Amino acid sequence: QVQLVESGGGLVQAGGSLRLSCAASGSIFSINVMGWYRQAPGKQRELVASITSGETTNYADAVKGRFTISRDNAKNTVYLQMNSLKPEDTAVYYCNGYIKTKYTLPPRDYWGQGTQVTVSS
């Protein structure tokens with residue numbers, strides 16, 4: 001089994017910064033893609049940023065230029081550096097990994113429990 005554990009969420013004033021971390025553990029063979037999603041109250045879950053094993057990144061238009069995603073393959077960890085935060089960024093942020101385990105052939109999606117990010121105005 002694979003577990004994803006997020007950390008780094010909290011309360012910050014508009015214009016501030018937070019750094020989210022997500023560590024994957026368990027019977028991991030490889031991690032093809034890792035990313036961050038967020039869900040605000042009453043809204044659909046949306047992709048914030050993703051990064052492939054080849055370091056290809058993708059960002060939602062709303063966060064381009066402000067957020068940076070990175071990964072440390074040796075630690076099975078993905079990070080999201082969030083700068084110039086806005087109240088509109090307030091949401092629960094979920095870590096996602098498309099992961100192949102040591103005991104199964106096909107990869108699948110795994111999700112963390114989420115971490116709350118609240119940006120005050």
Side-chain angles (χ1 to χ4, degrees):
Q1 297 296 320
V2 174
Q3 298 83 40
L4 303 180
V5 180
E6 303 101 333
S7 62
L11 175 65
V12 65
Q13 294 184 18
S17 298
L18 286 173
R19 182 174 180 255
L20 305 183
S21 300
C22 173
S25 62
S27 301
I28 298 170
F29 182 79
S30 64
I31 302 177
N32 296 331
V33 185
M34 297 191 78
W36 291 93
Y37 291 72
R38 67 186 182 186
Q39 188 167 24
K43 297 185 179 296
Q44 298 288 331
R45 186 176 298 187
E46 64 178 359
L47 175 69
V48 177
S50 64
I51 184 167
T52 71
S53 60
E55 304 293 337
T56 299
T57 58
N58 180 262
Y59 296 93
D61 288 341
V63 306
K64 286 181 179 178
R66 299 188 296 120
F67 292 8
T68 302
I69 190 170
S70 61
R71 64 189 291 174
D72 185 336
N73 292 330
K75 298 180 179 179
N76 289 330
T77 299
V78 64
Y79 306 93
L80 186 68
Q81 181 66 47
M82 309 164 66
N83 298 326
S84 301
L85 283 162
K86 304 175 180 180
E88 306 93 274
D89 297 317
T90 296
V92 177
Y93 284 70
Y94 296 91
C95 179
N96 168 262
Y98 192 60
I99 297 170
K100 184 182 186 301
T101 72
K102 296 178 180 178
Y103 309 110
T104 61
L105 182 62
R108 54 156 285 188
D109 275 326
Y110 293 86
W111 293 90
Q113 293 297 307
T115 184
Q116 177 70 47
V117 172
T118 302
V119 184
S120 64
S121 60

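What you are looking at is a predicted structure, and each value in this text was computed from that prediction instead of being measured. Position 1 is the first residue of the sequence; numbering continues from there.
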Decide yes or no for Asp72 and Tyr79: does some side-chain heavy atom of the first lie under 4.5 Å from some side-chain heavy atom of the second?
-> yes
Heavy-atom closest pair, residues Glu55 and Asn73 = OE2-ND2, 4.2 Å
Is it possible for you to say whether Val12 and Leu20 belong to one hydrophobic cluster, with membership spreading through side-chain heavy-atom contacts below 4.5 Å?
-> yes
How long is the span from the CG atom in Leu4 to the CD1 atom in Ile31, to the nearest 0.5 Å?
-> 7.5 Å
Kindly give the heavy-atom pair with the smallest separation between Val92 and Gly114, and that separation in Å.
-> CG1-CA, 3.9 Å
Separation of Met34 CE from Thr52 OG1 (nearest 0.5 Å) = 12.5 Å
Regarding Lys64 and the six-membered ring of Tyr59, is the cationic atom NZ or CZ under 6.0 Å from the ring centre and inside 45° of its axis?
-> no
Mind listing the closest non-hydrogen atom pair of Val63 and Val48 along with its distance?
-> CG2-O, 3.7 Å
Step by step, would you call Thr101 with Gln1 a side chain to side chain contact (heavy atoms under 4.5 Å, CB included)?
-> CA-CA 8 Å; Thr101 72; Gln1 297 296 320; over 6 Å; no
Rounded to the nearest 0.5 Å, what separation is found between the OG1 atom of Thr115 and the CZ atom of Arg38?
-> 14.0 Å
Same cluster (ILVMFWY, side-chain, under 4.5 Å), Val119 and Phe67 = yes
Heavy atoms of Ser21 and Trp36 approach each other most closely as O-CH2, 3.6 Å
Nearest 0.5 Å, what's the CD-CG distance between Gln81 and Leu18?
-> 8.5 Å
Could you state the interatomic distance from CG (Leu11) to CD (Gln116), rounded to the nearest 0.5 Å?
-> 9.5 Å
Go through the steps for Arg66 and Asp89 under the test side chain to side chain contact (heavy atoms under 4.5 Å, CB included), then give the verdict.
-> CA-CA 11 Å; Arg66 299 188 296 120; Asp89 297 317; 2.8 Å; yes
Can Ile69 be reached from Tyr93 by stepping across I, L, V, M, F, W or Y side chains whose heavy atoms are under 4.5 Å apart?
-> yes
Considering all heavy atoms, the nearest Val78-Cys95 contact | CG1-SG, 3.8 Å
Looking only at heavy atoms, which two atoms of Ile51 and Ser70 are closest? And how far apart?
-> CD1-CA, 4.0 Å
For the pair Glu6 (side chain) and Gln113 (backbone), establish whether a donor and an acceptor sit closer than 3.5 Å, ignoring hydrogens and angles.
-> yes
What is the ring orientation for Tyr94 with Trp111, classed by angle as parallel under 30°, tilted 30 to 60°, or perpendicular over 60°?
-> perpendicular
Roughly how far, to the nearest 0.5 Å, is CG of Asn58 from CG of Leu47?
-> 5.5 Å
Using only heavy-atom distances, determine whether the side chains of Asn83 and Ser17 contain a donor-acceptor pair under 3.5 Å.
-> yes
